[in-house]
Amino acid sequence: MHMTGADGAALRAALRELRTKLEVPEAFPAAVLAEAEHAAAHPSLPDLDSTDIPFFTIDPPASVDLDQAMHLAKRSGGGYRVHYAIADVAAFVTPGGALDSEAHRRVTTLYFPDGNVPLHPAVLSEGAASLLPDQVRPALVWRFDLDPDGRVETVDVRRALIRSRARLDYDGVQKAIDTGTAEEPLALLKDIGRLREALEQARGGISLNVPEQEIVARDGTYALAYRAPLPADGWNAQLSLMTGMAAADLMLATGTGILRTLPSAPDGAVGRLRRTAKALRIDWPHHVPYAELVRSLDPHRPAHAAFLQECTALLRGAGYTAFTGGESPDPAIHSAVAAPYTHCTAPLRRLVDRYTGELCVAAMAGTEPPAWVMAALPALPDEMAEGGRLANTVERESVDLVEAAVLKDRVGETFEATVIDVKDREPLVGTVHLEDPAVVGRVRSTTLDLPLGDRIRVRLTEADPGTSKILFAPV
């Protein structure tokens with residue numbers, strides 16, 4: 001992990017300006033906070049008690065807004081039983097109330113380097129509704145019985161009280177599994193995760209293991225680092241994907257719901273990727289499907305990381321599709337999942353998940369969805385799209401800001417870099433990936449076309465935190 005720090009005070013001021021520019025919601029209104037305090041003390045609790053199941057959570061170390069908890073077990077006749085509990089936000093939110101209206105205004109939690117702008121007040125998202133250890137909490141509890149190959153045989157979801165026993169983090173989980181010290185419920189995460197990954201591969205689904213640029217707070221300053229996903233991240237993600245696929249199937253069976261959809265990539269986009277693979281000297285025989293190639297790549301190799309970064313272009317165009325009255329949604333498939341899929345596992349942080357959870361509980365019980373769910377359904381795709389755009393802008397502009405702040409005193413210096421993108425119509429303009437500091441920035445050549453996938457030396461020609469702009473030129 002490579003880090004270079006930035007001036008903390010100056011950056012915090014710039015981040016405050018960014019919040020203002022993007023019209024990010026400020027503190028919660030008094031009426032919302034009052035309603036949240038009351039809801040935290042008086043939630044709507046279910047009759048079913050599942051506190052005997054020793055659930056545990058896996059999240060980044062600093063997280064306290066814990067949406068999911070799990071318990072994994074072997075079945076006596078072979079196969080596995082997975083319990084996957086999702087925070088029951090609807091137990092705290094009165095439809096049409098101040099809290100509900102504010103959630104529709106915010107749509108999603110926003111992540112800034114100097115703190116989150118949450119979807120719900122902290123008394124709920126980090127307190128009464130969060131699946132914190134040793135606390136009794138209302139949850140939507142999914143139960144999956146899997147066959148020995150990891151295929152879902154039966155699904156159930158209902159409201160229940162749960163109590164998590166442990167809050168784990170990805171690094172610790174990976175270490176425990178790798179060293180063989182993980183006890184069975186946790187050790188099974190690897191077994192089930194790998195089986196689900198094999199099923200994903202068989203149906204042509206894709207999980208991109210792209211190293212992520214992270215902003216890290218350290219000693220009052222902010223630094224940049226790359227984090228390559230751990231295998232445990234992937235295994236955990238497979239349980240969330242399995243739940244999202246089951247939820248989509250339940251809603252499709254009843255003819256009412258909202259899916260997370262992604263159309264198939266247009267031929268032109270795959271053609272461009274083939275040209276990129278050739279430029280990066282990655283062997284891609286014509287008979288090998290795209291999903292299979294992606295799975296064979298090593299994100300720690302610069303050329304492979306560059307290709308994986310280009311693959312994210314195929315994920316653009318994801319959206320939400322609502323449907324009612326038994327109509328068949330179009331599109332119904334999320335092409336990267338290679339199956340119908342929905343978002344339902346992060347209701348503390350994402351508005352739509354409260355609604356999909358409610359639709360699934362009703363579908364499983366054979367009852368009509370609540371009127372408040374049906375009333376909100378038509379507008380949700382546009383609300384989620386708008387919230388998603390803001391979240392993406394916050395993430396991109398925050399990183400740009402930190403990059404410019406980290407580099408502002410280093411204009412004129414040279415760095416080792418890998419060319420990870422070259423514009424089709426402007427081969428003199430592209431993107432470079434620096435190892436240290438962990439920066440991804442624009443590069444502009446004046447004479448020679450940029451060599452995609454090659455390591456080159458670049459000089460920093462511009463770094464302005466005021467405009468969040470950085471620019472490199474080949475040496």
Side-chain angles (χ1 to χ4, degrees), residues 1-3 50-87 126 130-137 139 141-152 160 162-201 207-212 214 216-218 225-243 295 298-300 345-346 348:
M1 191 179 267
H2 305 279
M3 296 192 197
S50 294
T51 53
D52 59 319
I53 300 172
F55 283 99
F56 58 90
T57 59
I58 308 174
D59 290 273
S63 294
V64 279
D65 50 346
L66 310 184
D67 284 293
Q68 311 116 18
M70 70 185 76
H71 182 261
L72 314 172
K74 286 180 179 169
R75 291 162 66 198
S76 54
Y80 306 89
R81 173 163 286 181
V82 175
H83 282 99
Y84 202 57
I86 308 299
E126 299 178 1
S130 177
L131 305 184
L132 296 162
D134 303 317
Q135 304 294 323
V136 174
R137 293 287 186 257
V141 179
W142 291 81
R143 189 188 72 214
F144 300 93
D145 280 346
L146 311 182
D147 72 11
D149 294 323
R151 286 188 186 82
V152 175
I162 70 150
R163 184 164 66 87
S164 173
R165 305 298 201 272
R167 182 169 74 187
L168 310 178
D169 63 70
Y170 291 106
D171 289 342
V173 165
Q174 191 67 55
K175 197 170 177 184
I177 289 174
D178 288 348
T179 57
T181 56
E183 293 178 15
E184 181 163 283
L186 180 58
L188 289 176
L189 180 66
K190 178 179 180 179
D191 300 343
I192 295 169
R194 289 176 73 166
L195 289 169
R196 294 298 304 176
E197 285 172 342
L199 291 171
E200 177 181 70
Q201 184 171 355
S207 295
L208 288 177
N209 291 319
V210 187
E212 289 181 6
E214 283 190 335
V216 184
R218 187 187 59 185
Y226 292 122
R227 181 183 185 273
L230 296 167
D233 291 61
W235 304 330
N236 188 51
Q238 286 297 329
L239 297 186
S240 183
L241 279 169
M242 177 173 76
T243 309
R295 214 163 263 108
D298 177 1
H300 297 96
T345 62
L348 292 174

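Here the structure is a predicted model, which is why all the values come from computation and not from measurement.
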Test salt bridge (charged side-chain N to carboxylate O under 4.0 Å, His left out) applied to [X] - qualifying residues, sequence neighbours left out:
X	value
R163	D134
D178	none
E183	none
K175	none

I want to check something: taking the side chain as every heavy atom from C-beta on, are [X] and [Y] in contact at a cut-off of under 4.5 Å?
X	Y	result
T243	F144	yes
E184	K74	yes
E197	S207	no
I58	L189	yes
D171	L230	yes

Might you point out which heavy atoms bring [X] and [Y] nearest each other, and give the distance in Å?
X	Y	result
N236	Y84	O-OH, 4.4 Å
A187	A182	CB-O, 3.8 Å
V82	I192	CG2-CD1, 3.9 Å
L195	P148	CD1-O, 3.5 Å
L186	A176	CD2-CB, 4.4 Å

Okay, side chain of [X], backbone of [Y]: is any donor-acceptor separation there less than 3.5 Å?
X	Y	answer
D149	R151	no
R196	W235	no
Q174	A232	yes

For [X], check side chain to side chain donor-acceptor pair (under 3.5 Å) against everything at least two apart and list the hits.
X	answer
Q201	none
D298	H300
R165	none
R194	none

Pairing residues for [X] by the side chain to side chain contact (heavy atoms under 4.5 Å, CB included) criterion, not counting sequence neighbours:
X	value
A166	F56, L168
S76	none
D59	T57, S63, L66, R349
P61	D169

Worksheet item: Going from CG on L239 to CH2 on W142, what distance comes out if it is rounded to the nearest 0.5 angstrom?
Response: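 Rounded to the nearest 0.5 Å, the CG-CH2 separation comes out at 13.0 Å.
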Worksheet item: To the nearest 0.5 Å, how far apart are CG in D67 and CG in L348?
Response: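 It is 4.0 Å, given to the nearest 0.5 Å.
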Worksheet entry | Chi angles and distances behind the side chain to side chain contact (heavy atoms under 4.5 Å, CB included) call for L199, Q238 | CA-CA 10 Å; L199 291 171; Q238 286 297 329; over 6 Å; no
Worksheet item: Under the side chain to side chain contact (heavy atoms under 4.5 Å, CB included) criterion, do Y80 and L72 qualify, and how do the steps go?
Response: CA-CA 7 Å; Y80 306 89; L72 314 172; over 6 Å; no
Item to complete: Please work out which of the three classes, parallel, tilted or perpendicular, describes the rings of H71 and F55, given edges at 30° and 60°.
Response: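 It falls in the perpendicular class, over 60°.
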Item to complete: Return yes if a side-chain donor-acceptor contact under 3.5 Å exists between S240 and Q68, otherwise no.
Response: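 The answer is no; no qualifying pair exists.
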Discussion item. Between R137 and L132, is the side chain to side chain contact (heavy atoms under 4.5 Å, CB included) condition met? List the steps.
Written reply: CA-CA 8 Å; R137 293 287 186 257; L132 296 162; 4.2 Å; yes
Discussion item. Determine whether L146 and V152 satisfy the following criterion, side chain to side chain contact (heavy atoms under 4.5 Å, CB included), listing intermediate values before the conclusion.
Written reply: CA-CA 5 Å; L146 311 182; V152 175; 3.7 Å; yes
